[in-house]
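Numbered from 1 within each chain, the chains take letters A, B, ... in sequence-line order. Everything numeric in this text was worked out from a predicted model, so none of it was measured.
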2 protein chains.
Amino acid sequence: MKNLKMKFARMERNLSQIELAKKVGVTRQTIGMIEAGDYNPTLKLCIAICRELGKTLDDLFWEEDRNNEEEKNVYG
Amino acid sequence: MKNLKMKFARMERNLSQIELAKKVGVTRQTIGMIEAGDYNPTLKLCIAICRELGKTLDDLFWEEDRNNEEEKNVYG
DNA sequence: ACGAAATGTCAATTATATTTTGCATTTATA
DNA sequence: TATAAATGCAAAATATAATTGACATTTCGT
């Protein structure tokens, strides 16, 4: 599902996908795909994004209730 | 650096690396390397481990103070 | 001390995250 | 309305997470 929490945190800081991507050392496509969901970033990229946006992992990447999830994969 | 928080959380649940690996759908080597540090798991694997151990991402994978970190990489 | 289970580690392979390039679409602003 | 910036999307290539198999070492109960 879409990661709106990350998208909103980025917009709060007035950063474009391109700017955030540059700050954390990836391409804008990677940022776009994470916000669009259906993507599985690495832990260290998640941490880099959190630190850039002033949030924690739980703030941006943790979902308390997984019953309504839309996607399933090997780790789901 | 070593992820002792994850190791202790696993031991609290009386799970071997082999048992935890089977529960989250990876091999024991993957679990071992995450606990040993110098490794960069995917977000969904981290989430699967958290749910199996009754912890959150911040509990197991977030470090408040990054000044004393030992390792550096592209995302550091 | 002994044996079994658990863990550490390494090389080679496979699966997949991320990049690169390119173009289409949307959004904001003059 | 027009123009540029921002975003969505997709195929092919590259980087790296994860597997597999094998053996060494540690840990722990008997």
OP1, OP2 of C/dT18 versus side-chain N and O of A/Thr42: anything below 4.0 Å? yes

Please report, rounded to the nearest Å, how far the P atom of C/dT19 is from the NZ atom of A/Lys22. 14 Å

Could you state the interatomic distance from CG (B/Asp58) to CH2 (A/Trp62), rounded to the nearest 0.5 Å? 9.5 Å

Any side-chain N or O of B/Thr30 under 4.0 Å from OP1/OP2 of D/dA17? no

With B/Glu12 via side chain to side chain contact (heavy atoms under 4.5 Å, CB included) - residues at least two apart: B/Lys55

Are the side chain of B/Asn40 and the backbone of A/Thr42 linked by a donor-acceptor contact shorter than 3.5 Å? no

Polar atom pairs (N or O), protein with nucleotides 5-8 of chain C, under 3.5 Å:
unit_1 : atom_1 : unit_2  : atom_2 : d
C/dT7  : OP1    : B/Arg10 : NH1    : 2.9
C/dT7  : OP1    : B/Arg10 : NH2    : 3.4
C/dT7  : OP2    : B/Gln17 : N      : 2.6
C/dG8  : OP2    : B/Gln17 : NE2    : 2.9
C/dG8  : N7     : B/Arg28 : NH1    : 3.4
C/dG8  : O6     : B/Arg28 : NH2    : 2.5

Heavy-atom nearest pair, A/Leu60 first then A/Ala9, reads CD2-CB, 3.9 Å

Any link between A/Leu53 and A/Ile18 through a network of hydrophobic side chains (Ile, Leu, Val, Met, Phe, Trp, Tyr) touching at under 4.5 Å? no

Could you state the OH-P distance from B/Tyr39 to C/dA17, rounded to the nearest angstrom? 12 Å

Under a 4.5 Å cut-off applied to non-hydrogen side-chain atoms, are A/Cys50 and A/Thr56 in contact? no

How many whole angstroms separate atom NZ of A/Lys44 from atom C1' of D/dA17? 12 Å

Could you write nucleotides 25-30 of chain D as a row of B, S and -, 5' to 3', where a protein heavy atom under 4.0 Å of any base atom gives B, of only sugar-phosphate atoms gives S, and otherwise -? ------

N/O to N/O distances under 3.5 Å, protein versus nucleotides 27-30 of chain C:
none

If you link ILVMFWY side chains whenever their heavy atoms are less than 4.5 Å apart, which other residues fall into the same cluster as A/Leu4? By chain and number, please. A/Phe8, A/Met11

Distance in angstrom units between A/Leu20 CG and D/dA6 P, rounded: 13 Å

For the pair made of CG in B/Leu45 and C1' in C/dA17, what is the distance, rounded to whole Å? 14 Å

All N/O donor-acceptor pairs, side-chain side in residues 27-35 of chain B, below 3.5 Å, sequence neighbours left out:
unit_1  : atom_1 : unit_2  : atom_2 : d
B/Thr27 : OG1    : B/Thr30 : OG1    : 3.4
B/Glu35 : OE1    : B/Arg10 : NH2    : 3.1
B/Glu35 : OE1    : B/Gln17 : NE2    : 3.0
B/Glu35 : OE2    : B/Arg10 : NE     : 2.6
B/Glu35 : OE2    : B/Arg10 : NH2    : 3.4

Any donor-acceptor pair under 3.5 Å from A/Glu52 side chain to A/Ile49 backbone: no

Which atom of B/Leu57 lies closest to which atom of B/Cys46, heavy atoms considered: CD2-CB, 3.8 Å

By side chain to side chain contact (heavy atoms under 4.5 Å, CB included), A/Lys22 pairs with (sequence neighbours left out) none

Is there a side-chain contact between A/Leu15 and A/Lys23, using heavy atoms and a 4.5 Å cut-off? yes

Sequence neighbours excluded, the answer for side chain to side chain contact (heavy atoms under 4.5 Å, CB included) partners of A/Asn3 is A/Lys5, A/Met6, A/Phe61

Considering the terminal five base pairs at each end of the helix from C/dA1-D/dT30 to C/dA30-D/dT1, what angle separates the two local helix axes, rounded to 10°? 70°

